[in-house]
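Worksheet: the structure to be examined is printed underneath.
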Amino acid sequence: MSRVGSKSSMEAGRVVVSHERGFTVSEAQSAPTPEANDDVYDVKAIEARWGSYWEEAGTFVPLDDGSRERRYVLDMFPYPSGDLHMGHAEAFAMGDVVSRHWRHCGYDVMHPIGWDSFGLPAENAAIKNNQHPAEWTYKNIETQAGSFKRYGISADWNRRLHTSDPEYYRWTQWLFLELFKNGLAYRKDSPVNWCPKDQTVLANEQVVNGKCERCGTEVTKKSLNQWYFKITDFADRLLDEMDQLEGHWPDRVLSMQRNWIGRSHGAHVRFGIQASGAQPAHDVTVFTTRPDTLFGATFMVVAVDAPLAAKLVTDEQREAFEAYRESVKVLSDIERQSSEREKTGVFLGRTAINPLSGEEIPVWASDYVLADYGTGAIMAVPAHDQRDLDFARAMDLPVRVVLETGEEDPAVSGVATVGEGTLVNSGDLDGLNKAEAIAQAIGIVESKGLGEATTTYRLRDWLVSRQRFWGAPIPVIHCEHCGEVAVPDEQLPVRLPDDLRGEALAPKGQSPLAAAEEWVNVACPSCGGAAKRDTDTMDTFVDSSWYYLRFASPQSSTAAFDAEAVKNWLPVGQYVGGVEHAILHLLYSRFITKVLQHLGHLDFPEPFSALLNQGQVLNGGKAMSKSLGNGVNLGEQLDEFGVDAIRTTMVFASPPEDDVDWADVAPHAMQKFLARAWRLANDVTSQPGVDPAAGERSVRSATHKALHDALELLDAGKFNVVIARTMELVNAARKAIDGEVGGADPAVREAVETVAVLLSLVAPYTAEDMWDRLGHEPSVANVPWPAVDESLLVEDTVTAVVQIRGKIRAKLEVAADISEDALRELALADDAVKRSVGDAEIVKVIVRAPKLVSLVVK
RNA sequence: GCCCGAGUGGCGGAAUUGGUAGACGCACCGCACUCAAAAUGCGGCGACGAAAGUCGUGCGGGUUCGAGUCCCGCCUCGGGCACCA
């Protein structure tokens, strides 16, 4: 068959025939007529034929008229660095399965696409090429947009957005001002993470193992005045409202966010510091999660870099203290945070009074206590905290056990005891267990006004200033008289100057915008006096923390998002993207949604109802990278195997959340499968609309079984198995066509039409072409999911198994509706069963008709 | 150290509520068609064994008529947090 086709294709003079796999790859400039290659699965021709159809026909533009239930599917929008790569191909293939599935189910699906187009690489390219970052950015966006269209994503192109468009960042600036006006954005001086290479500050979330998340340079500390968003105000909500994501978000993402927020419950306890010479008395509050061990506190430690330490130190000790503080400063964060390091510190010359025992204890400064966690000061309980014990042993300080656990004395073993036990040496707390003692100690402290129960978090406020150019300018004007003044709404957006190029954008430790004097110097909106713009831009994670809202009404010029449209579409029903954003983007987006809800702009607390983290695409067990030279070029793969084969390979390889190793997969096999499926459409000889009820029952059963299974599998997210079921249906249809049933049987048409619908989830071109060949109007994407006829799922006969001592000894072909008694008798009468039972006595017979009989013998 | 997740053929992976382990595919082997190759179609393919059969889902126990699935104790791998009091 195929030879005839390929021959005629060759005669047509514009087809490169690749015989080894039974399909051809033509170099046709325009869509060939179907007749030219009727029997050959010509990937290029099929792609050319449908390449622009969907966008022109508006197939994937939602109706948005309320006639159908709305659903919102979103893929994490790409950053426009060059062309699409294998990772995009994987992620967007997954998102498209959901989008297309929901469309078949009759939902009005919104599946928008846009670009996260502010960011450093554009700026670096601009410096190198003496350009404006916009040139590189928008060129890459066009390249990627073209590739997405080729990739056949069921996207609504009318909603396209770019965060670097003034029409977009005008509203990013509005968002900033909403936080600013409501006390949720503020400036403070503090030591911040500084990347010496990128010459900009970084958020905590962007420092990975002490290194810059972007460029890998070791991060240093720098004291700067910077803008922060008060994400810590929302720490409890960010934690507690994760409950509603449970089961819909991957466990690991929830776990990562919980770890990151790091809530711990404990108490603040005030210790009095005694006056010493010229130094007055002073109260110091410590945070502890173990108030039960208060009687075991044998010294106090203050963070050496906290202002408190400098305040407390006596004149006699000042010199030693300052020398120590300097020695700590030169350590990198990595060195400082190593738990392997020996404990160091210096005595501050003061003593504190333990508020419960009245005991006098020395006050030390050390770098193992962090200035910006808790209160920057701790009560040290060496018997029950390993770090305190290490310090006590290094400084020869006393160790007192107050919780008897039955383990060796920590002072001897060097191992702090942290488990359960009974309180000792602790006054009124003696005899209590740990939990009781914690509650009791907090009660005592509170009643005496010496402290209170409290909660602290690992999470820090979100540092959003960046000393870079290619981002949304912070819309604040600094005026000597009026202070920080919000840029008035009608002056938004604060546009980036478009005349800076090349070297003018190079990092200098302050934003390149500072040098644009015309831009910087403005009249104060409040008093009209001379004032200066804030020259920093916002972290690009601010841009992406609200884009999912913008998609509901991307053209709105009167609001960041239209309230009605957001009500209609949000929250996102299915969000798809990589796990690398488990903390950064997802935490920020959740925070911003909660802020906007808090301010009355939204009426839901969580932006993404369900999250799917697709795996990575590896090659040879490792992530693709330039340095390893194991990269696979997506465009070349698409050229060689076709879009559909690559998409199908991505989805079939493994469950969506697992990694795909390109060395282990076989795109040519998927191409073969698609060709096999496509050929079915040519072999259907009945007319469209023929009643399948008249068709062969066994074929119909296979069809409806596939439909039934596919629905459950799609809902369970097992997309790879959906393809396996589709393959089975293709095999069954092939068998029917080649066998006695024949291509004219209506059941064969039903089967092949079902194949086209199932295939449309991953192979849009092939599916659309099949649908066309089957005599239908496009698009197969809009075909309602065929209803499953339950009666066809019931088989006439089933194989029952007989187990003896749990092992299968016989298989019986029985009627599906066999009674328990009949099945029992049949099993007991079976020769193989009799032989296996032998002389043993049958104690019990368990029957699960029609599938199983289990004999208990002794 | 604490917290999540995962271990199934040569490989990727299947397996409703415990009920035929290995679906589907890759690789490999064979057959048909062909002068031949490719393509296509059909068949085989966990291990040991001639067969009957025995063993088999990381390891050790347990519950059950029956465990990949449930319980207890481990091991290994991947990921997150970590001098966070």
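Naming: A, B, ... by sequence-line order, numbering from 1 per chain.
Cation-pi contact between Lys343(A) and Phe391(A): absent, since separation from the ring centre below 6.0 Å together with deviation from the ring axis within 45° is not met.
Between Ser264(A) and A85(B), a side-chain N or O to OP1/OP2 separation shorter than 4.0 Å is present. Residue Tyr373(A) places at least one side-chain N or O closer than 4.0 Å to OP1 or OP2 of A85(B). Between Lys735(A) and G43(B) there is a side-chain N or O to OP1 or OP2 distance below 4.0 Å. Checking the phosphate oxygens (OP1, OP2) of U20(B), no side-chain nitrogen or oxygen of Arg809(A) falls inside 4.0 Å.
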*Would Arg290(A) and Asp385(A) count as a salt bridge (Lys or Arg N to Asp or Glu O under 4.0 Å) if you check the C-alpha gap in whole Å, the side-chain angles of each, and the deciding distance to 0.1 Å?*
CA-CA 10 Å; Arg290(A) 295 291 306 278; Asp385(A) 182 284; over 6 Å; no
*Please step through salt bridge (Lys or Arg N to Asp or Glu O under 4.0 Å) for the pair Asp738(A) and Arg734(A), ending with a clear verdict.*
CA-CA 6 Å; Asp738(A) 291 348; Arg734(A) 181 81 261 155; 3.1 Å; yes
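A donor atom on one side chain and an acceptor atom on the other are found under 3.5 Å apart for Tyr373(A) and Thr456(A).
More than 12 heavy atoms of other residues, nucleotides or ligands shown are found within 6.0 angstrom of CD on Glu813(A).
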Report all interatomic pairs (protein N or O, nucleotide N or O of nucleotides 24-28 of chain B) with separations under 3.5 Å.
residue: G25(B); atom: OP1; partner: Asn731(A); partner atom: ND2; Å: 3.1

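Closest approach to the Gln803(A) side chain among G19(B), A23(B), U20(B) is made by G19(B) (side chain taken as heavy atoms from C-beta onward). Nearest nucleotide to the Lys851(A) side chain, out of C65(B), U20(B), C81(B): U20(B). Comparing U20(B), C81(B), A14(B) by their nearest atom to the side chain of Trp260(A) picks out C81(B). Closest contact between the side chain of Arg458(A) and the listed nucleotides C65(B), A82(B), A21(B) involves A82(B). Counting only heavy atoms from C-beta on, Arg252(A) has its side chain closest to C4(B) among C4(B), C65(B), C55(B). Side-chain proximity of Asn259(A) to the nucleotides C55(B), C81(B), G66(B) is greatest for C81(B). Taking only side-chain atoms of Pro655(A), from C-beta outward, the nucleotide of U40(B), A15(B), A14(B) with the closest atom is A14(B). Checking G41(B), G53(B), G13(B) against every side-chain atom of Arg734(A), the shortest atom distance belongs to G41(B).
Here Asp709(A) pairs with Lys705(A) in a salt bridge; the nearest charged N to carboxylate O distance falls below 4.0 Å. Ionic pairing of Asp240(A) and Arg263(A) is present here: one or more N-O contacts between side-chain nitrogen and carboxylate oxygen are shorter than 4.0 angstrom.
Nucleotides U54(B) and A37(B) have their C1' atoms positioned 45 Å apart, rounded to a whole Å. Taking the P atoms as reference points, U20(B) lies 13 Å from A15(B), given to the whole Å. Between U17(B) and A85(B), the two P atoms lie 39 Å apart (nearest whole Å). If you take atom C1' in G53(B) and the same atom in G60(B), they sit 27 Å apart, rounded to whole Å. G68(B) and G9(B) have their P atoms separated by 14 Å, with the value rounded to a whole Å. Comparing the same atom, C1', in U8(B) and in G41(B) gives a spacing of 32 Å after rounding to whole Å. Rounded to the nearest Å, the gap between the P atom of G49(B) and that of G10(B) is 15 Å.
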*Tell me, what's RNA chain B's dot-bracket, Watson-Crick or G-U with both distances under 3.5 Å, | for other-strand, [ ] crossing?*
(((((((..(((......[....))).(((((.......))))).(((....)))..(((((..]....))))))))))))....
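Residue-to-nucleotide contacts include a donor-acceptor pair under 3.5 Å from the side chain of Ser854(A) to the base of C65(B). Taking only distance into account, the side chain of Gln386(A) never meets the base of G1(B) through a donor-acceptor pair shorter than 3.5 Å.
In summary, the aromatic rings of Trp678(A) and Tyr41(A) are positioned with their centroids under 6.0 Å apart.
In this structure, Asn720(A) reaches the sugar-phosphate backbone alone: every heavy-atom distance under 4.0 Å involves primed, P, OP1 or OP2 atoms, never a base. Across all strands, Lys807(A) comes closer than 4.0 Å only to sugar-phosphate atoms, never to a base (heavy-atom distances). Residue-level contact check: Thr799(A) touches the bases, meaning some heavy atom is under 4.0 Å from a base atom. Using a 4.0 Å heavy-atom distance criterion, Arg460(A) is classed as a base contact.
Of the residues near RNA chain B, Ile808(A) and Asp658(A), the one whose nearest nucleotide (by heavy atom distance) lies more toward the 5' end is Asp658(A). When each of Thr456(A) and Ile583(A) is assigned the nucleotide of RNA chain B with its nearest heavy atom, Ile583(A) is the one assigned upstream, toward the 5' end.
Considering Val579(A), Asp658(A), Asp659(A), Asp661(A) in turn, Asp659(A) is the only one that fulfils the side chain to side chain contact (heavy atoms under 4.5 Å, CB included) rule with Gln616(A).
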